[in-house]
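Basis for what follows: all heavy atoms, side chains included, without hydrogens, waters or symmetry-related copies. Everything numeric in this text was worked out from a predicted model, so none of it was measured. Here, residue 1 is the first one in the sequence, and each next residue gets the next number.
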Amino acid sequence: MRAIDVVKPGGPEMLQTVETATPRPGTGEVLIQVAAAGVNRPDVLQRMGLYPVPPDASPLPGLEVAGTIIEVGEGVSTELIGQDVCALCNGGGYAQYVAVAAGQVLPTPTGWSMVEAAGIPETYFTVWANVYGHGRLRKGERLLVHGGTSGIGVTAIAVAKAFGSIVVTTAGSTDKCEFCRQRGADLAVDYKEDDFVAKTREHFDTDHPIDVVLDMVGGDYVPRNLSLLRDRGRHVTIAFLRGNRCELDLAHVLRRRLVLTGSTLRPRSAQEKADIASGLREHVWPLLDTRTIEPVVDSTYPLQDAAEAHRRMESSQHVGKIILEV
Ligand SMILES: NC(=O)c1ccc[n+]([C@@H]2O[C@H](COP(=O)([O-])OP(=O)(O)OC[C@H]3O[C@@H](n4cnc5c(N)ncnc54)[C@H](OP(=O)(O)O)[C@@H]3O)[C@@H](O)[C@H]2O)c1
């Protein structure tokens, strides 16, 4: 089959088309003929050599796809053959075929194209596990999510609004902030122009207005995020684009009984990923099937132009998902 591999760690030009063996579905797996694959920031980190591939995962990049099941492994019902699905992959998504644990596969939502569906799994699994699992966001509570136009950001805003929360977000331009407001954000702060802490306090007229922070920025953002949290607020780290070190005043944690937590999706067991998939299917899929939540596709590229897709992501000009068509 045709696939994209990282020939050696480095820039986007290191993504090259290769001919490689078509995977076979193992026990509990399905084989998907890929129609489209989502591009995610962790793929960029993997390409740079900064995201080690877990030992049991495909060395090829690609964490999510949409396509058709064409074969099943032992223990998986043959009734799945022919179904259109989207799937969270343990790597290997930038390819014509990928083998995935059946528990990580979900039906393509009604009315969503393959391109639209390919952009679902990585961000929805991440948001569900972190905002609702670790962060325990409830109806009526306030969520702060940075990077409002990122793949993760657009998903977090849409899901949190659909579940009745109030959403504050940050983004790097006036246009991006306007997009976030159109997607339902109650407050969108251009962090290059304004201090998001001051703006959030002003908006809610209180010093500690936020219940949950979903943070991908890290570094000096963490003490600023914590300063906004209410009593029993939860701070969930999913990445640290500005670095993994910071200085904290632990008195905030102690006085307001804050919870600092975080997680990463990829090393979780197949069972944990299947549990997240079940939660999504029950609670979030009805919102996708009715298009209560709409997809946000920034751009599409042919599979062989994966390097261009990575350049677009690294430019941070994109709004929503970047997708490869296979
Ligand atoms: N823990 C997990 O399980 C997990 C899973 C998936 C993704 N992630 C992480 O979540 C993040 C978002 O992923 P994605 O695929 O949605 O990526 P993405 O679409 O590229 O989003 C990254 C966003 O971060 C903002 N940004 C970039 N550098 C920044 C900086 N130095 N300071 C502040 N903001 C900055 C950019 O928006 P502006 O231009 O508006 O600044 C950009 O839109 C990534 O860091 C990724 O590694 C974690």
Side-chain angles (χ1 to χ4, degrees), residues 38 40-46 50-57 61-64 86-91 93 100-101 103-104 106 119-138 141-148 150-160 163 165 167 169-170 210-219 221-226 228-229 232-246 248 253 257-284 321:
N40 291 281
R41 198 53 79 141
D43 307 344
V44 173
L45 300 177
Q46 179 176 335
L50 302 175
Y51 198 152
V53 176
D56 54 346
L63 298 172
E64 60 183 355
C86 56
L88 181 76
C89 313
N90 300 342
V100 183
Q104 291 166 217
L106 285 154
I120 295 174
E122 177 73 8
T123 65
Y124 278 79
F125 274 69
T126 301
V127 166
W128 190 250
N130 288 287
V131 175
Y132 291 91
H134 301 294
R136 305 188 314 280
L137 183 70
R138 289 181 294 257
E141 286 193 329
R142 295 169 184 160
L143 171 72
L144 166 61
V145 54
H146 293 296
S150 66
I152 296 282
V154 295
T155 299
I157 294 169
V159 175
F163 285 119
S165 296
V167 179
T169 193
T170 63
I210 299 295
D211 297 283
V212 176
V213 180
L214 182 66
D215 183 46
M216 62 180 76
V217 182
Y221 267 40
V222 178
R224 296 167 73 200
N225 293 337
L226 294 189
L228 286 172
L229 281 174
R232 299 182 190 276
R234 288 83 72 193
H235 186 278
V236 189
T237 296
I238 57 162
F240 19 76
L241 288 160
R242 287 203 191 177
N244 61 346
R245 291 182 181 275
C246 65
L248 288 182
V253 178
R257 289 152 290 168
L258 306 181
V259 175
L260 274 65
T261 180
S263 78
T264 183
L265 193 55
R266 205 167 178 189
R268 289 178 192 245
S269 68
Q271 185 57 54
E272 276 182 282
K273 289 175 185 168
D275 290 345
I276 299 168
S278 301
L280 283 169
R281 192 166 188 160
E282 183 182 345
H283 300 284
V284 178
K321 296 293 300 193

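Within the 4.5 Å cutoff, the side chain of T155 has no heavy atoms near those of the T126 side chain. Between L63 and D43 there is a side-chain heavy-atom pair separated by less than 4.5 Å. Here the side chains of L144 and V212 are not in contact, with every heavy-atom distance at 4.5 Å or above. Looking at M216 and S150, their side chains come closer than 4.5 Å, going by heavy atoms from C-beta outward. Two residues are said to be in side-chain contact when any heavy atoms from C-beta on lie closer than 4.5 Å; E64 and K321 meet this criterion. Using a 4.5 Å heavy-atom threshold, the side chains of V131 and V236 count as separate. Using a 4.5 Å heavy-atom threshold, the side chains of T237 and V213 count as separate. Using a 4.5 Å heavy-atom threshold, the side chains of T264 and I238 count as separate.
Between the side chain of N244 and the backbone N or O of F240 there is no donor-acceptor pair closer than 3.5 Å. Distance alone, capped at 3.5 Å, is enough to place a donor-acceptor pair between the D215 side chain and the G218 backbone. With N130 contributing its side chain and V127 its backbone, the two residues share no donor-acceptor pair below 3.5 Å. Within the 3.5 Å criterion, the main-chain N or O of A87 finds no donor-acceptor partner in the side chain of Q104. The main-chain N or O of G279 is never found under 3.5 Å from a side-chain atom of E282 such that the two would form a donor-acceptor pair.
Across all non-hydrogen atoms, the minimal contact from A129 to I276 is CB-CD1, 3.8 Å. Across all non-hydrogen atoms, the minimal contact from V145 to A156 is CG2-CB, 4.0 Å. Minimum interatomic distance between C89 and G93 (heavy atoms only, all atoms of both residues): SG-CA, 4.5 Å. In terms of heavy atoms, V222 sits closest to C246 at CB-SG, 3.9 Å. Closest approach of L137 to A160, counting heavy atoms only: CD2-CB, 4.0 Å.
Between I120 atom CD1 and L106 atom CG the span is 8.5 Å, to the nearest 0.5 Å. To the nearest 0.5 Å, atom CG of residue D275 and atom CG of residue L280 are 11.0 Å apart. The CG atom of N40 lies 7.5 Å from the OG1 atom of T123; values are rounded to the nearest 0.5 Å. Annotation: the span from T170 atom OG1 to H146 atom NE2 amounts to 5.0 Å, rounded to 0.5 Å. Distance check: L260 CG to L226 CG gives 5.0 Å after rounding to the nearest 0.5 Å. Atom CD1 of I152 sits about 11.0 Å away from atom OH of Y124, to the nearest 0.5 Å.
Relative orientation of the W128 and H283 rings is parallel, given thresholds of 30° and 60° on the angle between their planes.
Partners of E141 by side chain to side chain donor-acceptor pair (under 3.5 Å), not counting sequence neighbours, listed by chain and number: R138, R234. R232 meets the side chain to side chain donor-acceptor pair (under 3.5 Å) test with no other residue; sequence neighbours excluded. Annotation: side chain to side chain contact (heavy atoms under 4.5 Å, CB included) contacts of V53 (sequence neighbours excluded): Q46, A57, R266.
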From CA spacing to verdict: ring-ring contact (aromatic ring centres under 6.0 Å, His included), F163, Y132: CA-CA 10 Å; F163 285 119; Y132 291 91; 5.5 Å; yes
side-chain contact (heavy atoms from CB on, under 4.5 Å) assessment of V259 paired with H235: CA-CA 6 Å; V259 175; H235 186 278; over 6 Å; no
